[in-house]
Amino acid sequence: GTARHDREMAIQAKRNLSKTTNPVERLRLQCLAKGSAGIKGLGRVFRIMDDDNSRTLDFKEFIKGLNDYAVMIDKEEAQEIFQIFDKDGSGTIDFDEFLVTLRPPMSNARKEIIMQAFRKLDKTGDGVVTIEDLRGVYNAKHHPKYQNGDWTEDQVFRAFLDNFDSPYDKDGKVTIEEFMNYYAGVSASIDTDVYFIIMMKNAWKL
């Protein structure tokens, strides 16, 4: 069902874009229009540009990152967004803070159920989900590509992890932040907490 939620969310984001005038919300919707991993993808673009590993961006880097990620934004709007995040007027923004703010807001009930799913997946408890963690938790044998012999079990696991990973830098490891970002995208297409929690419980047998 996740692919369907993804499509619904992308369509909804595109629809809402024409209605909203808030620059941060517009940027959020442009990322979500690329799917659940859209915000995360922007994060990766920024990370690549952060040459000195300062985890901050100046305005020039910020606008270049948005252009590289094909976000349609004019300079005035970019400046407005930048100023919202540059709270101390230092001329730089902290991009972790930026991405957290860009993530669609979620209730604590939703965050809690996402955490439960992550903890169930993260068998080793090291805060990162890998193929090893998935063995015995996620059944690859129902996957159509496994059934028709196209993929091995590991390839099914890897494809599953890639869902949560950023489109441009898939490393086969999923952190809690990546997992949260992904489900923040899914969550944006689901109106009620109750429905979201039921969906998560069914998906992860919680």
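Under the 4.5 Å side-chain heavy-atom criterion for ILVMFWY residues, a single connected hydrophobic cluster contains both V174 and M115. In the hydrophobic clustering of this structure, W204 groups with F118; members are Ile, Leu, Val, Met, Phe, Trp, Tyr whose side-chain heavy atoms approach within less than 4.5 Å, directly or through other members. Note on I176 and M106: same hydrophobic cluster, where clusters join Ile, Leu, Val, Met, Phe, Trp and Tyr whose side-chain heavy atoms are under 4.5 Å apart, directly or indirectly. When the side chains of ILVMFWY residues are joined at heavy-atom separations under 4.5 Å, either directly or via intervening members, M49 and F59 end up in a single hydrophobic cluster. Taking hydrophobic clusters as Ile, Leu, Val, Met, Phe, Trp and Tyr residues chained together by side-chain heavy-atom distances below 4.5 Å, L32 does not share a cluster with M72.
Using a 4.5 Å cut-off on side-chain heavy atoms (C-beta onward), I81 and I73 make contact.
Here the closest heavy-atom approach between residue L134 and residue F160 is recorded as CD1-CD2, 3.5 Å. Between A33 and A10, the shortest heavy-atom distance links the atoms O-CB, 3.5 Å. Contact between A109 and D193 at its shortest, heavy atoms only, is CB-OD2, 4.1 Å. Across all their heavy atoms, G41 and Y69 have their closest contact at CA-OH, 3.6 Å.
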Query - T56/D50 under side chain to side chain donor-acceptor pair (under 3.5 Å): CA gap, chis, key distance, verdict - result: CA-CA 7 Å; T56 58; D50 179 27; 5.4 Å; no

Requested in this report: Determine, step by step, whether L66 and F46 satisfy the side chain to side chain contact (heavy atoms under 4.5 Å, CB included) criterion, reporting the C-alpha distance in whole Å, the side-chain angles of both residues, the deciding distance to 0.1 Å, and the verdict.
Outcome: CA-CA 9 Å; L66 293 178; F46 284 158; 4.3 Å; yes

Requested in this report: Could you walk me through whether N181 and L99 pass the side chain to side chain contact (heavy atoms under 4.5 Å, CB included) test, one step at a time?
Outcome: CA-CA 9 Å; N181 278 343; L99 292 173; 5.6 Å; no

Requested in this report: Take R47 and F95 through the side chain to side chain contact (heavy atoms under 4.5 Å, CB included) test and state the conclusion after the steps.
Outcome: CA-CA 8 Å; R47 212 155 281 163; F95 67 59; 3.8 Å; yes

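No side-chain N or O of R26 forms a donor-acceptor pair with one of T20 less than 3.5 Å apart. D86 and T92 share no donor-acceptor pair across their side chains, judged by distance under 3.5 Å alone. When only modelled atom types and interatomic distance are considered, D88 and S90 share a side-chain donor-acceptor pair under 3.5 Å.
Grouped by direct or indirect side-chain proximity (heavy atoms under 4.5 Å, Ile/Leu/Val/Met/Phe/Trp/Tyr only), I198 sits with V194. Clustering of Ile, Leu, Val, Met, Phe, Trp and Tyr by side-chain heavy atoms under 4.5 Å joins L17 with L29.
A donor-acceptor pair under 3.5 Å is formed between the side chain of K123 and the backbone N or O of R135.
Screening L42, V24, I84 against F98 for a side-chain contact (heavy atoms from CB on, under 4.5 Å) leaves a single residue, L42.
Between the OG1 atom in T152 and the CD atom in Q155 there is a gap of 4.0 Å [rounded to 0.5 Å]. Taken to the nearest 0.5 Å, the CG atom of D171 stands 9.0 Å off from the CG atom of L161. Taking CD of Q30 as the reference point, atom CD1 of I39 lies at 12.0 Å (rounded to 0.5 Å). In this structure, CG in N108 is found 11.5 Å from CZ in R110, a value given to the nearest 0.5 Å. Rounded to the nearest 0.5 angstrom, K14 NZ and K34 NZ are separated by 9.5 Å. Note that CE of M200 and CG of L206 are 7.0 Å apart. Values are rounded to the nearest 0.5 Å.
Remark: E177 does not engage R103 in a salt bridge, criterion side-chain N to carboxylate O under 4.0 Å. Using a cutoff of 4.0 Å between basic side-chain nitrogens and carboxylate oxygens, K64 and E61 are not scored as salt-bridged. Ion pair E153/K145 not flagged as a salt bridge, since none of the NZ, NE, NH1 or NH2 atoms sits closer than 4.0 Å to an Asp/Glu carboxylate oxygen.
Surrounding NZ of K75 are at most 12 heavy atoms belonging to other residues, nucleotides or ligands under 6.0 Å away.
Taking the six-membered ring for Trp and thresholds of 30 and 60 degrees, Y183 and F179 have ring planes more than 60 degrees apart, a perpendicular arrangement.
K201 forms no cation-pi arrangement with F196, by the criterion of a distance under 6.0 Å to the ring centre and an angle within 45° of the ring axis.
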